[in-house]
Amino acid sequence: MSVLMRQKSELISAIETAIQAALDKGDLVVESVPEVGLEVPREKQHGDFASNIALVMAKPAKKAPREVAQIIVENLPTAGVIRDVEIAGPGFINFFLSNDWLYDTLRTIEKEGEAYGNCEHGAGEKVLLEFVSANPVGPMNVVNARAAAVGDTLARMMNAVGYAVDTEFYVNDAGNQADIFARSIEARYQQLTNPDYPFPEDGYPAAYVQELAEVLKKERPDLLDLPLEERLAFCKRWGTDKMVEMQKADLQAYGVEFDLWFRERDLHARGALEAVIDILRQRGLLFEAEGALWFKSTQFGDDKDRVIVKSDGSYTYVTADIAYHHDKLQRGFTKLINIWGPDHHGYIGRMKAAIQALGYGEDTLEVLILQYVALLRDGQQVKMSKRAGEFITMQDLVDEVGKDAARFFFLNRSPESHLDFDLNLAVEQSNENPVFYVQYAHARISSILRQGRELGIEVPTCSEVDLSLLQHETELDLLKQLAALPEELLTAALLREPHRLTRYAMDLAGLFHSFYTACHILGEEEQLRAARLVLVANIRVVLRKVLGLLGVDAPEQM
RNA sequence: GCGCCUGUAGCUCAGGGGAUAGAGCAUCGGACUUCUAAUCCGAGUGUCGCAGGUUCGAUUCCUGCCAGGCGCGCCA
């Protein structure tokens with residue numbers, strides 16, 4: 001349990017004891033005591049902790065809130081860490097504590113290092129997190145970039161709080177789009193020797209297809225010797241493999257590595273679709289109509305039933321996806337999390353239905369819907385058309401603003417909010433970007449420690465220094481912020497809200513910068529210097545930890 | 001028509017049944033002979049989209065409406 005949580009539960013029991021004492025004396029009369037809430041108030045002058053219990057109890061106790069608060073306060077145990085208690089506002093009980101508990105935070109960080117803030121909440125539950133899963137027929141876009149940042153950091157956060165998360169990229173290399181892609185490459189290949197060769201009406205006109213054809217010509221100059229069908233099959237496999245390679249490289253440069261790139265074509269090759277259809281058939285969940293085979297997904301709350309095998313005998317996208325999710329479940333994952341774009345929200349119902357049809361609970365599958373990213377340039381939305389080959393790719397974005405800024409920018413917003421990404425702002429004011437603010441705090445501390453070492457001053461351990469010398473307001477603020485990490489991290493992971501961590505990082509960096517301006521370290525007398533060295537060294541550990549979760553570099557100097 | 005998301009400062013966005021609703025950017029003042037001024041200190045702005053409801057208390061929860069985005073395929 002973290003220092004903060006321990007302190008909170010200690011206070012809560014003190015309040016509960018006080019209430020019980022008041023009940024025993026008959027000062028308060030209620031049928032049942034509500035749960036005691038305790039929070040760190042937004043305003044510092046409202047104390048280290050505050051409880052609204054008196055407001056909640058006022059009605060059942062049939063007394064004014066402030067009166068209830070007064071009775072509770074009178075019955076509070078006097079010993080312990082509580083330095084002062086006040087009743088404020090409509091009836092809040094504000095607690096002011098001695099600082100001792102804050103110093104424990106430094107001892108904890110020293111002991112745990114970058115594992116500080118981690119916990120075992122997930123109890124090792126096997127979670128599969130699938131995200132990006134962009135079609136292997138072209139470069140990734142900015143929504144993919146957003147998904148990559150959110151998914152990757154979510155995986156890191158969940159691992160930190162005790163889940164066993166695997167990340168996966170589903171490669172949709174067996175569908176219509178892959179066929180169109182193959183025909184596009186094939187046509188461009190033909191055109192290298194026969195300019196009049198027709199390009200498919202629905203083909204991808206973008207330049208990269210042309211470039212692929214040229215590469216293919218060098219690799220396989222004899223391709224036209226193959227019959228058309230084999231030629232297209234080759235283009236499909238070769239082309240999607242090329243795209244996967246490119247996507248993999250782009251994501252790696254972005255700091256995202258998947259545990260597994262799962263190929264749809266492997267599902268087909270091993271008969272997984274037929275197998276899962278059999279299961280549904282045996283459960284009586286299929287029926288034939290209009291020449292097609294349907295899955296009774298409405299039986300599990302879906303809007304309408306879904307076609308599983310089309311009237312031409314081919315499978316729909318959902319069939320492969322059911323087989324894929326079945327595969328995930330068979331691999332022992334008990335929680336499946338998918339991150340999708342907003343255009344897929346209508347897809348949730350049928351996949352949850354499928355999960356249930358396979359015998360698992362509805363909540364086994366959790367879908368996070370990310371909202372769109374609009375790119376703005378010169379105040380105008382950048383119009384993108386895949387057909388015309390005009391779009392800003394993920395790689396363009398990363399080249400323009402950098403990995404760290406791009407990731408931080410995406411992570412800094414709540415996943416379900418629509419996002420306007422102002423390219424001018426990101427480029428022109430890259431020095432003003434919050435990510436640099438946080439990184440600069442890390443660099444500044446690194447610099448202090450470096451210069452200390454040059455002077456022969458090492459960072460002492462907590463046990464060697466008098467931590468109670470840390471009395472400056474900015475120091476106490478910093479200690480409180482450090483103490484808040486474990487709870488913040490757990491909340492962020494459980495709510496799937498990475499943006500809580502970017503806020504945390506900016507707040508911590510801001511408090512450090514204020515401290516840096518107000519207080520000196522290396523020039524102070526030995527005792528104080530030692531205590532402050534411990535403080536900043538531990539701040540650096542926490543900054544590094546949080547930046548690591550965000551997938552952002554922690555530079556030693558800038 | 002039905003479903004999902006959004007509506008908070010000039011802009012981009014946080015927050016959230018409770019105390020005086022916040023941050024960054026932008027604007028305007030200050031602060032470097034001292035560990036990095038990519039920093040700090042200070043200044044101003046709000047009908048929390050609108051209207052009802054629940055509540056001791058609503059910007060937060062509920063309902064309706066308005067506005068914007070997206071989706072409702074034997075596409076993926």
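Naming convention: chains lettered A, B, ... in sequence-line order (proteins, then strands); numbering from 1 in each chain.
- Contact between the side-chain N/O atoms of A:Arg529 and the OP1/OP2 oxygens of B:C35 is not found at any separation under 4.0 Å.
- Legend: side-chain hydrogen bond (donor to acceptor under 3.5 Å, both in side chains) pairs involving residues 44-59 of chain A, not counting sequence neighbours, sorted by first then second residue: A:Lys44-A:Glu473, A:Lys44-A:Asp477, A:Asp48-A:Lys480.
- Every side chain to side chain contact (heavy atoms under 4.5 Å, CB included) that A:Gln371 has, sequence neighbours left out, goes to A:Arg146, A:Pro342, A:Ile369, A:His418.
- Within the structure, the side-chain hydrogen bond (donor to acceptor under 3.5 Å, both in side chains) test picks out the following pairs touching residues 299-313 of chain A (sequence neighbours left out): A:Ser297-A:Asp302, A:Thr298-A:Asp305, A:Asp302-A:Arg306, A:Asp312-A:Ser314.
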**Asked** Do A:Arg407 and A:Asp553 pass the salt bridge (charged side-chain N to carboxylate O under 4.0 Å, His left out) test, and can you show the C-alpha distance, the side-chain angles, and the key distance before you say yes or no?
**Response** CA-CA 11 Å; A:Arg407 283 188 70 129; A:Asp553 293 340; over 6 Å; no
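- Comparing atom distances between the A:Tyr516 side chain and each of B:U20, B:A37, B:A76 picks out B:A37 as nearest.
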**Prompt:** In B/S/- notation, 5' to 3', how is nucleotides 3-13 of chain B contacted by protein heavy atoms closer than 4.0 Å?
**Reply:** BSBS-----SS
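- Candidate nucleotides B:A37, B:A19, B:G15 were compared by shortest atom distance to the side chain of A:His499, and B:G15 ranks first.
- Where pairing requires Watson-Crick or G-U contacts shorter than 3.5 Å, the helical stems of RNA chain B with at least three consecutive pairs are B:1-7 with B:66-72, B:10-13 with B:22-25, B:27-31 with B:39-43, B:49-53 with B:61-65.
- Applying the 6.0 Å contact sphere to CZ of A:Arg450 captures more than 12 heavy atoms from other residues, nucleotides or ligands.
- Residues A:Gly291 and A:Glu43 each lie close to RNA chain B; by heavy-atom proximity, the contact nearer the 5' end of the strand is made by A:Glu43.
- Screening residues 499-511 of chain A for side-chain hydrogen bond (donor to acceptor under 3.5 Å, both in side chains), with sequence neighbours left out, gives A:Asn412-A:Thr502, A:Glu497-A:Arg500.
- Qualifying side chain to side chain contact (heavy atoms under 4.5 Å, CB included) partners for A:Leu368, counting only residues two or more places apart in sequence or in other chains: A:Leu154, A:Ile337, A:Ile339, A:Glu366, A:Arg496.
- In this structure, the aromatic ring of A:Phe92 is positioned over the six-membered ring of the base of B:A19, centres within 5.5 Å and planes within 30°.
- Rounded to whole Å, atom P of B:A14 lies 15 Å from atom CG of A:Asp507.
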Anything under 3.5 Å between a protein N or O and an N or O of nucleotides 53-58 of chain B, put it in a table, one pair a line.
from	atom 1	to	atom 2	distance (Å)
B:C56	OP1	A:Lys59	NZ	2.2

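- Looking at A:Asn94, its side chain comes within 3.5 Å of the base of B:A19 through a donor and an acceptor atom.
- Two residues, A:Gly89 and A:Thr517, neighbour RNA chain B, and the one matched to the more 5' nucleotide by heavy-atom proximity is A:Gly89.
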Could you write out each protein N or O paired with an N or O of nucleotides 41-45 of chain B at a distance under 3.5 Å?
from	atom 1	to	atom 2	distance (Å)
B:C41	OP1	A:Ser514	OG	3.0

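- Candidate nucleotides B:G71, B:C40, B:A76 were compared by shortest atom distance to the side chain of A:His513, and B:C40 ranks first.
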Determine all donor-acceptor pairs shorter than 3.5 Å in which one atom belongs to a side chain in residues 529-543 of chain A; sequence neighbours excluded.
from	atom 1	to	atom 2	distance (Å)
A:Arg532	NE	A:Glu475	OE2	2.6
A:Arg532	NH1	A:His520	O	2.8
A:Arg532	NH2	A:Glu475	OE2	3.4
A:Asn538	ND2	A:Val534	O	2.8
A:Arg540	NH1	A:Ser446	OG	3.0

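- Look at A:Tyr372 and you won't find any side-chain N or O under 4.0 angstrom from OP1 or OP2 of B:G68.
- Using a 4.0 Å cutoff on non-hydrogen atoms, the parts of residues 301-312 of chain A near RNA chain B are A:Lys304, A:Val307, A:Lys310, A:Ser311, ordered by number.
- Comparing the same atom, P, in B:C56 and in B:A14 gives a spacing of 33 Å after rounding to whole Å.
- Considering only residues two or more places apart in sequence or on other chains, A:Ala554 meets the side chain to side chain contact (heavy atoms under 4.5 Å, CB included) condition with A:His442, A:Arg544, A:Leu547.
- Look at B:C32: its glycosidic torsion is within 90° of 0, and that puts it in the syn range.
- Side-chain atoms of A:Ala50 lie closest to B:A19 of the nucleotides B:A19, B:A38, B:C74.
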